[in-house]
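For reference, the structure discussed in these notes is given below.
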Protein chains: 2
Amino acid sequence: MNIGEAGQATRLPVKTLRYYEQIGLVRPLRQNNGYRDYSQKDVYKLRFLQRARSLGFTIEDCRLLLSLYEDDTRTSRQVKQVATRHLEEIERKITHLESLRGTLQQLIKDCHGDHRPDCPILEGLSKADKV
Amino acid sequence: MNIGEAGQATRLPVKTLRYYEQIGLVRPLRQNNGYRDYSQKDVYKLRFLQRARSLGFTIEDCRLLLSLYEDDTRTSRQVKQVATRHLEEIERKITHLESLRGTLQQLIKDCHGDHRPDCPILEGLSKADKV
DNA sequence: GTGGGCGTTCCAGTAGATGGAAGGTCAAGA
DNA sequence: TCTTGACCTTCCATCTACTGGAACGCCCAC
């Protein structure tokens with residue numbers, strides 16, 4: 001399967017497939033003309049990657065998950081641990097963003113947003129005790 | 001004021017101050033020996049940047065906010081618009097992360113996480129209809 | 001044979017720093 | 001006076017996860 005077909009089959013950009021080969025995630029064989037030749041197994045791995053990435057796992061987590069996926073002797077504990085770490089990271093990010101949101105909402109609420117130059121947002125940014 | 005003092009005064013890493021000069025955010029004068037010479041105004045600008053960055057504004061937003069901050073003819077509407085755009089972006093990110101969190105929580109909940117190899121997380125990643 | 005749509009490689013750029021190498025400057029102490 | 005150490009300088013590389021583009025090769029249909 002050429003790279004274009006593999007891209008369509010996985011809904012991943014062709015550029016991304018080349019990148020994944022470059023970093024050793026999915027290494028297709030080559031045809032005689034030098035074109036990449038994606039096997040069905042390669043496509044499964046790419047789909048796996050596509051879903052793991054869309055859940056926000058880093059490339060290195062994906063590499064690990066893929067190796068667990070292909071390892072018959074894995075334990076579900078190992079997998080769960082990777083996912084749990086990732087979930088915790090996401091929760092940290094949410095907490096952080098919610099805090100930023102709260103501060104911004106307050107600043108925006110206080111700003112009349114008209115033609116005049118005085119602005120609580122800029123004041124908040126220029127004085128620590130106002131943020 | 002040397003760069004080290006400016007770093008302490010703003011709680012920004014020295015490397016960051018050099019970077020901000022490089023991208024034209026805060027350009028201190030130079031002493032005779034070539035050392036950077038941060039003025040009080042530079043320090044104010046750096047503090048402003050530090051707070052805007054910690055609220056998650058991009059560097060380009062910071063550049064804009066800084067120019068509004070220094071512009072007597074600005075309107076608070078302009079400032080509010082920048083902040084509102086940023087708030088919307090943060091809300092988008094929160095929504096996205098919350099969705100990831102929900103999916104991950106479900107997968108993790110379903111995984112027994114013991115010594116056995118069968119694992120709903122890997123199954124979820126390998127089959128679209130399970131995610 | 002030629003045009004267009006594939007494919008290839010390699011290099012550069014994104015955001016926002018951060019790390020490190022190689023070397024210059026300065027003040028204090030022996 | 002010399003040296004030590006803390007500071008400063010520039011420049012280059014690295015990180016994440018791609019993405020864009022140039023320059024070129026391959027293949028099929030007309």
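Within every chain, numbering begins at 1; the chains are lettered A, B, ... in the order of the sequence lines, protein sequences first and strands thereafter. Note that the structure is predicted; figures quoted are calculated from it, not measured.
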(message) Donor-acceptor pair, distance only, cut-off 3.5 Å: does the side chain of A/Q8 make one with the backbone of A/E5?
(response) no
[X]: partners by salt bridge (Lys or Arg N to Asp or Glu O under 4.0 Å), with sequence neighbours left out:
| X | value |
| --- | --- |
| B/D114 | B/R116 |
| B/R27 | none |
| A/K41 | A/E70 |
| B/R63 | B/E60 |

(request) Would you kindly give the CD-to-C1' distance between A/Q50 and D/dC18, to the nearest whole Å? (result) 15 Å
(request) Using atom CG of B/D37 as one end and atom P of D/dC8 as the other, report the distance to the nearest whole Å. (result) 12 Å
(request) Please name all residues satisfying side-chain hydrogen bond (donor to acceptor under 3.5 Å, both in side chains) with B/Q31, sequence neighbours left out, ordered by chain then number. (result) B/N2
(request) Check side-chain hydrogen bond (donor to acceptor under 3.5 Å, both in side chains) between A/R36 and all other residues, then give those that pass, not counting sequence neighbours. (result) A/E21
(request) Identify, with sequence neighbours excluded, every residue that meets ring-ring contact (aromatic ring centres under 6.0 Å, His included) alongside B/F48. (result) B/Y69
(message) Under 4.0 Å from a heavy atom of chain B: give me the 5'-most and 3'-most nucleotides of DNA chain C that qualify.
(response) C/dG16 to C/dC26
(request) Return the residues of residues 81-99 of chain B meeting this criterion: a heavy atom under 4.0 Å from some atom of DNA chain C. Order them by number, or give none. (result) none
(request) Could you check which residues of residues 57-70 of chain A get a heavy atom under 4.0 Å from DNA chain C? Sort them by number, please. (result) none
(request) Residues of residues 15-32 of chain A with any non-hydrogen atom less than 4.0 angstrom from an atom of DNA chain D: list those, numerically ordered, please. (result) A/K15, A/T16, A/Y19, A/Y20
(message) Measuring to OP1 and OP2 of D/dC27, would you say a side-chain N or O of A/N33 lies under 4.0 angstrom away?
(response) yes
(request) Check whether the side chains of A/T75 and B/H115 place a donor and an acceptor atom closer than 3.5 Å, and report yes or no. (result) no
(request) Mind jotting down which residue pairs meet the side chain to side chain donor-acceptor pair (under 3.5 Å) criterion with at least one end in residues 79-90 of chain A? Sequence neighbours excluded, please. (result) A/E89-A/R92
(message) Measuring only between side-chain heavy atoms, which start at C-beta, is A/L12 closer than 4.5 Å to A/R53?
(response) no
(message) For a 4.5 angstrom cut-off between non-hydrogen side-chain atoms, does A/L125 reach B/L55?
(response) yes
(request) Identify whether A/L100 and B/L97 are in the same connected component of the hydrophobic contact network (ILVMFWY, side-chain heavy atoms under 4.5 Å). (result) yes
